[in-house]
Amino acid sequence: MSRPTIHYSVIVPAYKENGNIRPLVTRIYNALRQYDSPVPADQVEVIIVDDNSRDGSVENVQSLQQEGYNVRIIVRTTERGLSSAVVRGFQEAVGDNMLCMDADLQHPPEYVPSMLAAMSPSATFVLGTRYAKGVEMDKDWPLYRRVISSGARLLALPLTTASDPMSGFFGVRKEAFLKARNLNSQGFKIALDLLIKAHIAPQAIAEVPFSFGVRAEGESKLTGKVMIKYLEQLAELYWYKFSFLIVIFVIVAVIALIWVAQSFLESA
Ligand SMILES: Nc1nc2c(ncn2[C@@H]2O[C@H](COP(=O)(O)OP(=O)(O)O[C@H]3O[C@H](CO)[C@@H](O)[C@H](O)[C@@H]3O)[C@@H](O)[C@H]2O)c(=O)[nH]1
Ligand SMILES: [Mg+2]
């Protein structure tokens, strides 16, 4: 019997997430095997992109493979970082519909079927959003993280109409991903980069509300350095999107200044 074609790839960037990998993979496939799943489990692959964690993640994935789960692990030894790991996963994905989610169960695996099914030739980007009716942040998510998250979201408002480009839970169709040039693979916010550089139109974004959980095991890797990288990325994206307006503004400002200076000198 021929093997079913893989139409969907779930990409999971992971660094020292051994304790989360088994519950993540088994919960994803359990959700896909429910009778009402809009996506058949045998059309889905899971790809973990690990940065040489050496914590037993590789062995854990091997035992899941032996149990029949369609999961593989790519171990990078020369590169590090969430965004570049996601890009690598997208490059290796077999499916045309590619979803990115965290390993630590903050993106609940039970939403995977609806996130995958939301992608189509007309909805080339799916975004898990925490800013919608009926969903919420986990009550245990610390206040300082909420403040950082809201600040980051505010700063990105002029760049996209998407309600939560920072959720980290998003999917993109392969043809849209391949359109993006010069992606910024630094930091955590690859979704924002893709939304802008793959020129995703507002009507091509499907939003799926989800409740954000607390990390199951291990620690967050979000550091001050990651936040600085986000500010650099924002500056680059503002320039990418608004350079024409910025140049016009500077020219008009210079002309206005010269005119004011001349009028001042003539009247002096
Ligand atoms: N391969 C790889 N994976 C990484 C790296 N750094 C982090 N990851 C993986 O990326 C995922 C998210 O990392 P966390 O450390 O859990 O990040 P967070 O602080 O919870 O932030 C998450 O939620 C935010 C929403 O508030 C998101 O904005 C952010 O992108 C991320 O998804 C986890 O699966 C983690 O193992 C890295 O250097 N390399
Ligand atoms: Mg996390």
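The structure presented is a predicted model; accordingly, all values stated were derived computationally and were not measured. Numbering of ligands and ligand atoms starts at 1, following listing order. Atoms considered below: every heavy atom in the structure, side chains included; atoms not considered: hydrogens, waters and symmetry mates.
If you look at Ala85 next to ligand 1, the close heavy atoms, those under 4.0 Å, all belong to the side chain. Of the heavy atoms in Arg88, none comes closer than 4.0 Å to ligand 1. Counting heavy atoms under 4.0 Å from ligand 1, residue Phe169 does not touch it at all.
Per residue Asp104, closest N, O or S atom to the Mg ion (ligand 2): atom name OD2.
The environment of CZ in Phe249 is sparse: at most 12 heavy-atom neighbours from other residues, nucleotides or ligands sit within 6.0 Å. Within 6.0 Å of atom CZ in Arg54, 12 or fewer heavy atoms from other residues, nucleotides or ligands are found, so the atom counts as exposed in its surroundings.
Ring geometry for Phe210 versus Phe212: interplanar angle over 60°, hence perpendicular rather than tilted (30 to 60°).
Note: no N/O pair closer than 3.5 Å links Gly168 and ligand 1 by distance alone.
Cluster annotation: Val87 and Leu194 are assigned to the same hydrophobic cluster (Ile/Leu/Val/Met/Phe/Trp/Tyr, side-chain heavy-atom contacts under 4.5 Å, transitive).
Nearest protein heavy-atom contact of atom 35 (C) of ligand 1 is Glu17 OE2, 3.2 Å. Distance from atom 4 (C) of ligand 1 to its nearest protein heavy atom, with residue and atom name: Tyr15 CB, 3.9 Å. Among all non-hydrogen protein atoms, the one lying nearest atom 26 (O) of ligand 1 is Arg130 NH1, 2.9 Å. Residue, atom and distance of the protein heavy atom nearest to atom 39 (N) of ligand 1 are Asp51 OD2, 2.7 Å. The single protein non-hydrogen atom nearest to atom 1 (N) of ligand 1 is Val49 O, 3.0 Å, given as residue, atom name and distance. With hydrogens left out, the protein atom closest to atom 20 (O) of ligand 1 is Gln106 OE1, 2.8 Å, a heavy atom. Distance from atom 18 (P) of ligand 1 to its nearest protein heavy atom, with residue and atom name: Ser220 OG, 3.7 Å. Of the protein's non-hydrogen atoms, Leu82 CD1, 3.3 Å is the one closest to atom 10 (O) of ligand 1.
Per-residue contacts place Pro13 under 4.0 angstrom from the following atoms of ligand 1 (heavy atoms of the residue considered): 3 (N), 9 (C), 10 (O), 33 (C), 34 (O), 35 (C), 36 (O). Applying the 4.0 Å criterion to heavy atoms of Lys189 picks out, from ligand 1, the atoms 27 (C), 28 (O), 29 (C), 30 (O). Within ligand 1, counting atoms from 1 as listed, the ones closer than 4.0 Å to a heavy atom of Ala14 are 1 (N), 2 (C), 3 (N), 36 (O).
Here atom 27 (C) of ligand 1 lies nearest to Met166 when heavy atoms of Met166, Glu219, Arg153, Arg215 are compared. Nearest to atom 21 (O) of ligand 1 by heavy-atom distance, out of Arg146, Lys221, Arg80, Arg145, is Arg145. Checking Asp104, Asp102, Val214 against atom 22 (C) of ligand 1, the nearest heavy atom belongs to Asp102. In this comparison of Phe188, Phe212, Phe170, the heavy atom closest to atom 17 (O) of ligand 1 sits on Phe188.
Checked against Asp51 for a side chain to side chain contact (heavy atoms under 4.5 Å, CB included), the options Glu79, Arg88, Arg80 give a single hit: Arg80. When each of Val25, Leu32, Val46, Ile47 is tested with Val10 by the rule side chain to side chain contact (heavy atoms under 4.5 Å, CB included), just one qualifies, namely Val46.
Note: Phe125 and Phe170 meet the aromatic proximity criterion, with ring centroids under 6.0 Å apart.
Residues Asn52 and Arg76 bring no donor and acceptor atom of their side chains to less than 3.5 Å of each other. No side-chain N or O of Asn184 forms a donor-acceptor pair with one of Asp193 less than 3.5 Å apart.
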Check: Given the rule in the side-chain contact (heavy atoms from CB on, under 4.5 Å) test, do Tyr111 and Ser211 qualify, once you have shown the distances and angles that lead to the verdict?
Finding: CA-CA 10 Å; Tyr111 289 92; Ser211 294; 4.2 Å; yes
Margin query: The test is salt bridge (charged side-chain N to carboxylate O under 4.0 Å, His left out); show your working for Asp55 and Lys16 and say whether it passes.
Written below: CA-CA 6 Å; Asp55 62 346; Lys16 298 207 185 290; over 6 Å; no
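Checking Ser220 against the Mg ion (ligand 2), every N/O/S atom stays at or beyond the 2.8 Å cut-off.
Between Arg215 and Glu17 there is a salt bridge, with a side-chain nitrogen of the basic residue lying less than 4.0 Å from a carboxylate oxygen of the acidic one.
No side-chain heavy atom of Val226 sits less than 4.5 Å from a side-chain heavy atom of Tyr230.
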